[in-house]
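Input: a single structure, listed below in C-alpha cells.
Everything quoted here is computed from the prediction, not taken from an experiment. In this chain, residues are counted from 1 in sequence order. Just so it is clear, the values below take in all heavy atoms, side chains as well, and ignore hydrogens, waters and symmetry mates. Counting convention: from 1, in listed order, for ligands and their atoms alike.
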Amino acid sequence: MESAHQGPGADENPDENLFAGSRFLRACLRKPVDRTPIWFLRQAGRYMQEYRDVRKHHTLIEICKQPDLAAEVTITAAEKLGVDAAIIFADLLLPLEPMGLDFEFQAGEGPVVHHPVRTAENVRLLRTDRVQDLDYVARAIQKVATHFRDRIGVIGFCGAPFTLASYMIEGGGSRNYIETKRLMYGVTSTAWGSLLDKLVNVLTEYCRMQVQAGAEVIQIFDSWVGSLSLVDYRDYAFEASKRLIRAVQQMGVPVIYFGVETAGLLGAMASTGADVIGLDWRQPLDEGWRAVGHRHAVQGNLDPITLFAPLEIIEARVGEILRAAGGRAGHIFNLGHGIVPATPVENVQAVVRMVREFRLEGAHA
Ligand code: CP3
C-alpha cells in the first residue's frame with residue numbers, strides 16, 4: 001500500500017512523478033491538471049433509465065449487497081456520463097446493520113431505522129466488531145477499480161460520525177434534529193461521546209476495507225452538519241470527524257469532506273485537515289474557497305436544480321463556477337448536492353461537455 005498521506009500543506013515529494021495519477025486524484029492533491037475534473041453527487045440514481053431498469057428487479061439494498069450489481073450500476077453511470085470519477089454504489093446507512101440497527105428504505109420516505117438510539121444503554125449495545133460484514137462493498141470496489149484501472153478515479157465513501165449519529169438517533173431524516181441535539185447536549189451522560197467513538201472505530205475500519213480494495217479517494221458525507229451552529233460543531237462534531245479524516249489519510253488516500261448549508265462552518269471543516277472540502281451552491285465558489293483556505297482543494301458547486309434550466313442558463317452557471325475557480329489547481333467540478341430523480345440526463349451530459357470544453361479567457365492553451 002501507499003505511504004501515509006499527510007493532508008494539505010504537507011511537503012511535496014520532489015521525486016514524485018509530475019504526471020502520475022488520474023486527473024481527479026491529482027486535483028484532490030492540488031496538482032496541475034490538463035482540465036478541471038468533473039463527477040456528480042448521486043450520479044447513479046433514479047434519473048437514469050439504466051438504473052431504473054435495475055431497480056425494477058432489485059431493491060436498493062439488494063443492489064448494494066451484490067457486488068456484481070453494485071459494480072455494474074457504478075460503471076454504467078460513470079461511462080454514460082463520461083465523468084472523471086466513479087463513486088461506489090452503496091448507501092450511507094449500510095454500517096448501521098453490523099452495528100446492530102435494522103433499517104429499511106420506505107418508498108417515498110427515505111430511510112427508517114426501526115429502533116432508534118435514544119439512551120446511553122442503547123449506545124452501549126451498539127456493536128463495533130462486525131465491520132467485516134460490509135465486505136460486499138469492498139468486493140464491489142475491487143470490480144470497479146479493476147474495470148477502470150487508472151482511467152478515472154474510484155471513490156469510496158462513508159458518512160461522517162455526526163450525520164450517521166443523527167440517522168441512528170432520529171430514526172430517519174429530520175427537520176430540527178431535536179432528538180440528536182438532546183442526546184448531544186446531555187450533560188449528565190457520556191452517551192454522545194461514546195456513540196461518536198464507536199462510529200469513528202467502525203468507519204475507520206470500513207474505509208480501510210474500501211482503500212485496500214482499490215478506492216483511491218474517500219468522500220466523507222457530513223450531509224446534515226449544517227444543522228449545527230459553529231460552536232456546537234466545534235464542541236460536538238469536529239473532533240470525531242477530524243479523527244476519522246486523519247485516520248483515512250494515514251491509509252495513503254486523500255479525503256473529500258462534504259456537507260450542505262455549511263457556509264458558516266467551512267473554516268472549521270477545513271481545520272479537520274481534509275484535502276478537499278465540498279461546497280454547496282448557496283455561496284459563490286470563490287467565496288467558499290476563501291473561507292476554506294487555498295491550501296485545500298474544493299469540490300462543487302452547481303445547484304442540482306439548475307439542471308432543469310434551459311441550456312443557456314446552465315452554461316452561464318457552469319462558466320461562473322469555472323471562472324470563480326480561476327484555473328487554480330485543486331478544483332473538482334460537481335453539484336452542490338445530489339442529482340434529484342426527475343433530472344434530464346441529457347442536461348447532466350451537457351454539463352460534462354461544457355466543463356470539458358471550457359477555456360478560461362487569458363489562460364494558456
Ligand atoms: O452515485 C451515487 O452517488 C450513488 C451512491 C449513493 C447512494 N446513497 C445510493 C442511493 C451515495 C453516495 C449515497 C449517500 C447517501 N445516502 C447520503 C449522503 C449524500 C447526500 O445526499 O447528502 C445520504 C444522506 C443517504 C441516505 C439516503 N439514501 C436517503 C436520505 C435516501 C432517500 C432519498 C431519496 O432520494 O429517495 C437514500 C436512498 C438512495 N441511496 C438512493 C440512491 C441512488 C435513492 C434511489 C433508490 O431508492 O433506488
Side-chain angles (χ1 to χ4, degrees), residues 38-66 69-81 83 85-97 101 103-113 137 140-141 144 152-168 170-175 177 180 203 206-207 210 215 217-227 256-262 278-281 299-301 304 334-343 345 348:
I38 174 169
W39 67 282
F40 297 90
L41 294 167
R42 194 122 335 149
Q43 65 193 19
R46 284 162 299 185
Y47 77 105
M48 199 178 261
Q49 183 63 50
E50 290 83 345
Y51 179 76
R52 290 196 299 271
D53 289 343
V54 177
R55 275 287 269 121
K56 273 184 210 145
H57 308 288
H58 304 279
T59 65
L60 173 63
I61 297 297
E62 279 169 7
I63 301 173
C64 294
K65 288 191 173 176
Q66 294 183 38
L69 280 179
E72 178 199 318
V73 165
T74 305
I75 292 166
T76 303
E79 291 190 337
K80 182 168 170 129
L81 300 176
V83 284
I87 185 162
I88 190 62
F89 192 88
D91 194 81
L92 211 67
L93 299 189
L94 298 175
L96 267 56
E97 194 179 308
L101 291 182
F103 65 92
E104 63 181 310
F105 285 96
Q106 291 180 353
E109 297 231 3
V112 177
V113 179
V137 176
I141 288 177
V144 172
I152 66 173
V154 177
I155 308 171
F157 75 89
C158 70
F162 172 81
T163 290
L164 268 187
S166 82
Y167 274 110
M168 293 168 122
E170 300 294 335
S174 176
R175 176 183 280 270
Y177 300 91
T180 305
L203 296 170
Y206 181 39
C207 288
Q210 298 189 50
V217 173
I218 294 286
Q219 172 146 334
I220 297 180
F221 285 95
D222 216 348
S223 303
W224 313 138
V225 77
S227 64
I256 306 172
Y257 184 35
F258 167 85
V260 289
E261 300 194 65
T262 52
L279 302 174
D280 76 24
W281 65 93
Q299 177 172 281
N301 73 341
N334 205 314
L335 305 174
H337 206 171
I339 297 181
V340 305
T343 304
V345 69
V348 183

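Every atom of ligand 1 is numbered from 1 in the order shown, and the set under 4.0 Å from a heavy atom of Ile87 is 1 (O), 2 (C), 3 (O), 12 (C). Ligand-side atoms of ligand 1 in range of Tyr51: 43 (C), 45 (C), 46 (C), 48 (O), range being under 4.0 angstrom from any heavy atom. Each of the atoms 18 (C), 19 (C), 20 (C), 22 (O) of ligand 1 lies under 4.0 Å from some heavy atom of Ser223. Residue Gly110 has at least one heavy-atom neighbour below 4.0 Å for each of these atoms of ligand 1: 32 (C). Against a heavy-atom cut-off of under 4.0 Å, Ala44 is close to the following atoms of ligand 1: 1 (O), 2 (C), 4 (C), 43 (C).
Rounding to the nearest 0.5 Å places CD1 of Ile38 at 10.5 Å from CD of Gln299. Expressed to the nearest 0.5 Å, how far CG of Leu69 lies from CD1 of Ile63 amounts to 6.5 Å. Thr74 OG1 to Glu79 CD: the interatomic distance, rounded to the nearest 0.5 Å, is 11.0 Å. In this structure, CG on Asn334 lies 7.5 Å from CD on Gln219, to the nearest 0.5 angstrom. Atom CG in Leu81 sits 4.0 Å away from atom CE in Met48 (nearest 0.5 Å). The CD1 atom of Ile61 lies 7.5 Å from the CG atom of Leu93; values are rounded to the nearest 0.5 Å.
The distance criterion of under 3.5 Å between nitrogen or oxygen atoms is not met by Leu93 with respect to ligand 1. Of the polar atoms of Trp224, none of the N or O atoms is found under 3.5 Å from an N or O of ligand 1, judged by distance alone.
Residue nearest to atom 20 (C) of ligand 1, selected from Gln219, His58, His337: His337 (by heavy-atom distance). In this structure, of Phe103, Phe40, Phe89, Phe157, the residue bringing a heavy atom nearest to atom 14 (C) of ligand 1 is Phe157. When the heavy atoms of Gln43, Arg46, Arg55 are ranked by distance to atom 35 (O) of ligand 1, first place goes to Arg46.
Side-chain atoms of Asp280 and Glu261, non-hydrogen and from C-beta on, do get closer than 4.5 Å to each other. Side-chain contact between Cys64 and Leu94 is present, with heavy atoms from C-beta onward closer than 4.5 Å.
Residue, atom and distance of the protein heavy atom nearest to atom 39 (C) of ligand 1 are Leu60 CD2, 3.5 Å. What sits closest to atom 7 (C) of ligand 1 on the protein, heavy atoms only, is Ala90 O, 3.0 Å. Of all protein heavy atoms, the one closest to atom 33 (C) of ligand 1 is Arg42 NH1, 4.1 Å. The protein atom (non-hydrogen) at minimum distance from atom 24 (C) of ligand 1 is Tyr167 OH, 3.3 Å.
In this structure Glu97 satisfies the salt bridge (Lys or Arg N to Asp or Glu O under 4.0 Å) test together with Lys65, sequence neighbours excluded.
Heavy-atom separations between Gly338 and ligand 1 are all 4.0 Å or longer. Residue contact annotation: Asp91 has a non-hydrogen atom under 4.0 Å from ligand 1. Under a 4.0 Å heavy-atom criterion, Pro111 is in contact with ligand 1.
Counting heavy atoms under 4.0 Å from ligand 1, residue Leu92 touches it through both backbone and side chain.
Taking the ring centroids of Phe89 and Tyr51, they lie under the 6.0 Å cut-off.
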Could you pull out every donor-acceptor pair under 3.5 Å between side chains of residues 156-165 and any protein atom, sequence neighbours left out?
unit_1	atom_1	unit_2	atom_2	d
Thr163	OG1	Asp222	OD1	2.6
Thr163	OG1	Ser223	N	3.2
Thr163	OG1	Trp224	N	3.2

